[in-house]
Amino acid sequence: MDDYKFLFKVVLVGNAGVGKTCLVRRFTQGLFPPGQGATIGVDFMIKTVEVENEKVKLQIWDTAGQERFRSITQSYYRSAHALILVYDISCQPTFDCLPDWLREIEEYASTKVLRVLVGNKIDREDREIPTHVGEEFAERNNMYFLETSAKEAENVETLFIQIASDLIKQARNRDVPKYDGITSIDDRTTSVGETNCCSKIQ
Amino acid sequence: MPAKEKSLEEMQEDILAQLQQLKIEEELLQDEMNNILTQAPFLNEKIKNLKKLLPSLKIIENEAVDLVHTINDISESSEQISGKIRALDSARSRVDECQGRVCDLIDLEICSQGVQTAILDADYEKGAAHVHRFLSMDQFLLQKTATDVENVSNTLKSVRTLEDAASQLRSIVEHKFTEAVRNEDLVSIERFFKIFPLLGMHDVGIKEFCMYLRGKVAFAAEKNLKTAITTPLSDKRQSVIFADTLTLLFEGLAKVVDVHQPLVETYYGPGRLFTAVNILQKECDIQVRRIFNEWMKSRQITTKMQQINETNKMSANSSFGKLERIDPKDLDILIGEITLMHYRSELYVRFIHRKVLADIDVGIPDVKNRDDAMNSFSNSMKCSELAQLKHELLSHYLRLEQYFMEESINKAVAMDFVDSAQQTSSMVDDTFFIVKKCIRRSISTGNLDGICAIINTACGVLENDFCDVLRSKLKQGYPSGYLDLTQAYNVLQSSIQQGRLQSGDTEQSRTAFIVALNNADSCTEYVDALCESVLKEIEQALPGMNANEHGKLESCLSGLSSVTSNLKDIIDYGIQQLRSSVIKPRVNPWVDAFLNISHQFTEEELSVYEAGETFVQTLIMNLESLLSSFRDVLTESNFDAFVSALTTEVTQRLEKVILKSSFNGLGGLILDKEVRSLASYITAATSWSVRDKFARLTQIATVLNLEQVSEITDYWGSHDGALTWRLTPSELKSFMLLRTDFKSEDVKRLKL
């Protein structure tokens, strides 16, 4: 029924109210619906994009940030191809929680999962987390980094397209059997390569 | 002068003919004239008639002109009349209005007189009816009337009286209502409830009444909770006592709504259920929270959750510390109770939604207002404590269910046993029984997110833990009598270390391997069946799913197919193991026997060879003995995979030994025969097609069986008889060169 070459699952996580649903809505529907309630459980959206002349179907899982939905949302980590961890650049506590989120990702997600750190709401005047702080955190933890604004539609498209194109590369590499082992986070040598990609995404 | 005569004769004939012609014409003209003559009198008559008509036509014209005049007159006058009627109409409506105002005034008088007496007589219905009549009057007009009419003071006085009476009545009714509530005087409660809307106190009425109902609900709920707490442990409902209590609460509330909705609708009009439900929901929230707290306490949920968390952490770090692990069986009943509690809450929420939305639909005609009302109601329900508790219940449920599934499957694997009559072991049936049970139970929560989470968990457990077990069993290998000593020793050693085997028990570890392989195969079937049945059951349980929800569910279910592909990898791995440890070591010497035979037969030698046991007969016999030892122990598709691996091995090896031999014409003929009988033996042994695997070998035999070199052109090329070759031209030539009777220059000269 639909023709696409790749299907990827992308899961968004992060504290309640950082704008996960808005990012997804902006990307999938081009909307910024203000003042909507907290997400309940998990929302599910699909968008097909064309990257490098390939049709890619992105299955986007928008999870609820509230604690009481954790047991639902955690069950989606395992099969995710990419995880987007979102914080609010104007809200320090959402940044402070990142290590907890990473621990959860370590516990439940596949080791091969593509991890992206996103600082959302850069349209806001009252920034609390400077860009370089987010950048450093991402670098330390082997993640891509990007700052976005769902409201102003800044970097939202870039974020998802970049994820899609990276996953395509990953999938193509996997076709060639190659046992490159599992890279641990504190392995400095592997993180160099990752940070290169990091700068590329900006 | 015969010519002249002739011409004369001709002329005569001509003349006669013309005469004849003229005669006919004359006759025709005569006829026409006769006709015209007969018509003449008619025409004359008509002309005469017309002449007579002429004067009367003049008269008609004059009369027509008159008629036009008359009609014009009529239309003018009718227009005048309709104008008058219009004037009359407006006059009449003014009169009506006036009458209404007079009526209002009269009623005002009557009401103002009546209301006091009614109040004094405690006939509040009558009083309220008066006030209601008063309130239904246009207050602005009333004021205007008062200024128009001479006895101003009188009217204003009445208005004031009624306003006073209204406020008096309002406070009386409110007071009386509270009193009635205090006295539990049902009749009075209902009586005053009906009076409120007459006094324009719709909201107050609903609020007061619902407060009263709230009290009743609270009272009943408290009683029920107390009973629940004091229920003896031996009671047979004890295991679901909190679900029962919750059900009682919801049923009570639903009944309250059901009973009072018609009452509210009759006396207050539709569209007000929303307000009522909001008030009742507050009580519902309080009571639900209480029941929930008691449940948490009584079932020791917090402790259990902690224990589970710790177990999860421990098993992540080490396989030791199995102390104080909760037996999943002990959680079974509790999980059942939670699903029941969640399902009841879900049902109640759906019930209230349905009721209120239907009421709003009828009660608020304006589309925008209606949508606003619906949204605000949905939001208030979403933010309600009940919704929160539902989420918490679901969260607890999921934690427990996930633990239950993982632990039960661990147990099933640990308690695995092989029944020699079966091809698979108990853990497959047990595991899928557990998975199905858990998913079914999640369906009974009535929540799609919960169902999806459990499906995800099941995928995880099957794909990781369960497949790992199968894979590690296969990794131990299939001990074969043909292993070299060190290999055999290692296998044995590791088996002994695992403590599952007595030394020398290769038979048992062979069985373990085969069973694991069979388990993987039957799992693929189970997964497909599970997927299908689960989808059907969910569609039945949640009939109102929209496209998005369907997509969500299907995406989660598709996770099960990755389990299947994992299992297929495991089977492949196992078959490869068998290939290297069982097939290769045996097949190679059997096929190598080909080298011991000369393939350059004389006629005589040929008949001797064919009389004895041929190479292929021995090979088939050996293969049969190998296959028969696996035919019954492997599942059908595993056996097919085994045969396929065997075929690959045999054909490849045979190709190799052929290359090391040389043939004459008869030798080639025999080879062709032998390849055919080998292919037909293997084809009969399996349900899969092995044609493809024999393609190269068959072609090699064909090449070696040629009469002469040039004959190859019958098979090579682009004509109809040509084969689709699996051999490259150089391969083909090298096989041809094995024929000692072919000249190598001829072969090399071939253009392919």
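Here is how names work: the chains are called A, B, and so on, in the same order as the sequence lines, proteins then strands, and each is numbered from 1.
- Counting only heavy atoms from C-beta outward, the side chains of Gln74(A) and Arg399(B) approach each other to under 4.5 Å.
- For the pair Lys382(B) (side chain) and Ala38(A) (backbone), a donor-acceptor distance under 3.5 Å is absent.
- Between chain A and the residues Cys452(B), Ala453(B), Gly450(B), the largest count of heavy-atom pairs under 4.5 Å involves Ala453(B).
- Heavy atoms of other residues, nucleotides or ligands lying less than 6.0 angstrom from OH of Tyr343(B) number 12 at most.
- A distance of 7.5 Å separates CG of Leu398(B) from OG of Ser75(A), quoted to the nearest 0.5 Å.
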Go through the steps for His396(B) and Arg68(A) under the test side chain to side chain contact (heavy atoms under 4.5 Å, CB included), then give the verdict.
CA-CA 9 Å; His396(B) 288 317; Arg68(A) 62 175 187 275; over 6 Å; no
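- The distance from the CD atom of Gln388(B) to the CD atom of Gln66(A) is 7.0 Å, given to the nearest 0.5 Å.
- For Cys383(B), no part lies under 4.5 angstrom from a heavy atom of chain A.
- Residues Ile72(A) and Asp449(B) share a closest heavy-atom pair of CD1-CB, 3.8 Å.
- Counting non-hydrogen atoms of other residues, nucleotides and ligands closer than 6.0 Å to NZ of Lys47(A) gives a total above 12.
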Take Phe44(A) and Glu549(B) through the side chain to side chain contact (heavy atoms under 4.5 Å, CB included) test and state the conclusion after the steps.
CA-CA 8 Å; Phe44(A) 167 80; Glu549(B) 287 168 326; over 6 Å; no
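- Both the backbone and the side chain of Ile40(A) come within less than 4.5 Å of a heavy atom of chain B.
- Atoms OG and CE, on Ser71(A) and Met305(B) in that order, are 8.5 Å from each other to the nearest 0.5 Å.
- Proximity to chain A (any heavy atom under 4.5 Å) is shown, for Asn447(B), by neither the backbone nor the side chain.
- Defined by atom type and a distance below 3.5 Å, a donor-acceptor pair is present between the side-chain atoms of Gln59(A) and Ser555(B).
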Verdict with supporting geometry, Asn464(B) and Arg78(A), side chain to side chain contact (heavy atoms under 4.5 Å, CB included):
CA-CA 10 Å; Asn464(B) 300 334; Arg78(A) 194 186 55 84; 3.8 Å; yes
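- For a residue to count as touching a neighbouring chain, one of its non-hydrogen atoms must lie under 4.5 Å from one of that chain's; by this rule Glu463(B) touches chain A with the side chain only.
- For the atom pair Asn456(B) CG and Tyr77(A) OH, the distance stands at 12.5 Å (nearest 0.5 Å).
- Between chain A and the residues Gly559(B), Cys556(B), Ser562(B), Gly460(B), the most heavy-atom pairs under 4.5 angstrom are made by Gly460(B).
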